[in-house]
Number of protein chains: 2
Amino acid sequence: MKARFTLAEIQQHALAIVDREGLAGLTMRSLAASLHTGPMTLYNYVKGREALEELVVDAVAARVDTPALTDDWAADTRAAAGALWRTVRAHPAAVPLVLTRRTSSATGLAPAEALASALTRSGLADADLLAAFRAVMAFVMGLAQAEVAGPLAPEGAAAAEAERIGALTEGTLPALSRLSSVSAAHAHEEFDRGLALVLAGIQQAAEARVGT
Amino acid sequence: MKARFTLAEIQQHALAIVDREGLAGLTMRSLAASLHTGPMTLYNYVKGREALEELVVDAVAARVDTPALTDDWAADTRAAAGALWRTVRAHPAAVPLVLTRRTSSATGLAPAEALASALTRSGLADADLLAAFRAVMAFVMGLAQAEVAGPLAPEGAAAAEAERIGALTEGTLPALSRLSSVSAAHAHEEFDRGLALVLAGIQQAAEARVGT
DNA sequence: ACCTGAACACCGTTCAAGT
DNA sequence: ACCTGAACACCGTTCAAGT
């Protein structure tokens, strides 16, 4: 019998379920139902649950539209990081998978390649180039992590944001609870400001190298 | 009947199982067996599976020994970030939980408080202070993420590290595969170098403020 | 070769009964 | 109050039988 589905179809259905019902809503059985088959059919396309979850990560990565290159490596770095950030953020329920499942497909690695490519044109030497890549990538993933499970993240959608930390710590964690109220006011610019700080350090290293 | 266990006991057993057998090894049933009880007994101490996982995260956070404060905020920031990094890294199997489960206990938030406290003494204004906190915290968590599931992480313990990316991408992801070989050579200093880049950007912002 | 129902070995948790 | 066995509703996956 011919193959009834394509891998891309399965990917799309899986990501759609995660987006719609959350991570717990994705099971072999629910995905099979979404495709109008029995659970066992899936095993003709995917090795098992774990491979399915990697497929979801690939599906998210595939939605990142890598921006066109310019002659400004710093701008390209910002663009690559921003594109990844926006896409990951658009699929909050998939973030736990994005953070913990590794990809080795070309599409899954494409956003990292775009970032690496931009940074390579900074002229940094190997060790610093690697550190810069690590720092920017970690910033993007770490910020996504913070939004899902970080200490300043609002608990429920409706809960007042600053309340949680403020109430629970009652002055025992003063620095953190102050930041918590700042966060409520500056949520919209946290990515840009944070990335600017990281990039400032990288640019400084790149310029120091040109100077010598 | 008196309470047979303390929460701390349960925490230690749970973390020990994760460290020893991996995340999949921790189930209500396996934890109960480790404590020589039935699974139902656990529900007297913990609301359910999810609360248990948060307890594991707290247990990891509790093992971070926050370093003593000095009069150098940048050094204290490095020390706070380093202490968190080393502890998280010492429990690789727990990293997926650390990344995805939120804590609201005081012990769970203590490492973040230490970091916030150090950065507060930089003199940065609110928005930049928050951005700096975000950047450093994201760097630490993002680097832990990269080690577990990032594009340059070795697949298996025995697999040659550069092979994976190199072989699979065969020149289609040139920048990334070059970084992959650099990574093999510089693994030991990636944290320090990356953090130095991030801190350079933060210090630059702090000095610019002093100058005006 | 690709498909897929039945069955198995798990899992978290509800319920109800113990002390 | 705190404990806990039995039972239930799931889950991923093996197996074997279909085409």
Side-chain angles (χ1 to χ4, degrees), chain A residues 1-59 93-94 96-103 149, chain B residues 1-59 93-94 96-103 149:
Chain A
M1 208 188 213
K2 278 286 190 56
R4 294 180 51 197
F5 310 107
T6 69
L7 249 177
E9 263 179 297
I10 294 178
Q11 260 181 335
Q12 296 315 317
H13 277 253
L15 181 55
I17 291 174
V18 172
D19 284 341
R20 193 176 349 106
E21 303 172 33
L23 207 47
L26 178 68
T27 67
M28 289 285 164
R29 290 165 135 98
S30 74
L31 177 57
S34 165
L35 291 162
H36 302 107
T37 358
M40 282 308 104
T41 303
L42 296 176
Y43 286 82
N44 293 306
Y45 300 88
V46 165
K47 190 145 199 171
R49 174 101 234 252
E50 198 148 323
L52 174 63
E53 292 179 342
E54 285 170 25
L55 229 54
V56 172
V57 176
D58 276 3
L97 293 185
V98 172
L99 292 174
T100 59
R101 266 53 171 176
R102 56 161 34 95
T103 327
Chain B
M1 208 188 213
K2 278 283 192 56
R4 297 179 48 196
F5 309 108
T6 69
L7 249 177
E9 265 179 295
I10 294 178
Q11 260 181 334
Q12 296 316 316
H13 278 254
L15 181 55
I17 291 174
V18 171
D19 285 339
R20 193 175 350 106
E21 304 173 31
L23 208 48
L26 178 68
T27 67
M28 290 284 163
R29 292 166 135 100
S30 73
L31 176 57
S34 164
L35 291 162
H36 301 107
T37 359
M40 281 308 104
T41 304
L42 295 176
Y43 287 82
N44 293 306
Y45 300 87
V46 164
K47 191 145 199 173
R49 174 100 232 253
E50 198 149 323
L52 173 63
E53 293 179 341
E54 285 170 25
L55 229 52
V56 173
V57 177
D58 276 2
L97 294 185
V98 172
L99 291 173
T100 59
R101 266 54 173 175
R102 68 168 84 248
T103 327

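Computed from heavy atoms alone, side chains included, the values below leave out hydrogens, waters and symmetry copies. Letters go in sequence order (proteins before strands), and every chain restarts at 1.
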Could you check if a side-chain atom of [X] sits within less than 4.5 angstrom of a side-chain atom of [Y], using non-hydrogen atoms only?
X     : Y     : value
B:M28 : B:L52 : yes
A:T27 : A:S30 : yes
A:L42 : A:L35 : yes
B:T6  : B:Y45 : no

Whole-Å gap separating [atom2] ([N]) and [atom1] ([X]):
X     : N      : atom1 : atom2 : value
A:Y45 : C:dC3  : OH    : C1'   : 9 Å
B:E53 : C:dG12 : CD    : C1'   : 11 Å
A:M28 : C:dT4  : CE    : C1'   : 15 Å
B:L42 : C:dT14 : CG    : P     : 14 Å
B:E50 : C:dC11 : CD    : P     : 19 Å
B:L23 : C:dC11 : CG    : P     : 14 Å
A:L31 : D:dC11 : CG    : C1'   : 14 Å
B:H36 : D:dC3  : NE2   : P     : 17 Å

Closest nucleotide among [options] to the [X] side chain:
X     : options               : result
B:T37 : D:dT4, D:dC11, C:dT13 : D:dT4
B:R4  : D:dC3, C:dC11, D:dT13 : D:dC3
A:R29 : C:dT4, D:dT13, C:dG12 : D:dT13
B:N44 : D:dC3, D:dG12, C:dT4  : D:dC3

Inset, instruction - With heavy atoms under 4.0 Å as the rule, sort B:M40 into base, sugar-phosphate or nothing. - result: base
Legend entry - A:D19 side chain vs A:A16 backbone, donor-acceptor pair below 3.5 Å: no
Legend entry - Base-pair map of DNA chain D as dot-bracket, where | denotes pairing with a different strand and pairs are Watson-Crick or G-U under 3.5 Å: ||.|||||...|||||.||
Inset, instruction - Could you tell me which non-hydrogen atom of B:I17 sits nearest to which non-hydrogen atom of B:G25, and how far apart they are? - result: CG2-O, 3.5 Å
Legend entry - A:T41 side chain near C:dT4 phosphate (N/O to OP1/OP2, under 4.0 Å): yes
Inset, instruction - Examine D:dT4: is either OP1 or OP2 under 4.0 Å from a nitrogen or oxygen in the side chain of B:Y43? Give yes or no. - result: no
Legend entry - Qualifying residue, where the test is side-chain contact (heavy atoms from CB on, under 4.5 Å) with B:L26 and the options are B:R49, B:H13, B:R20: B:R49
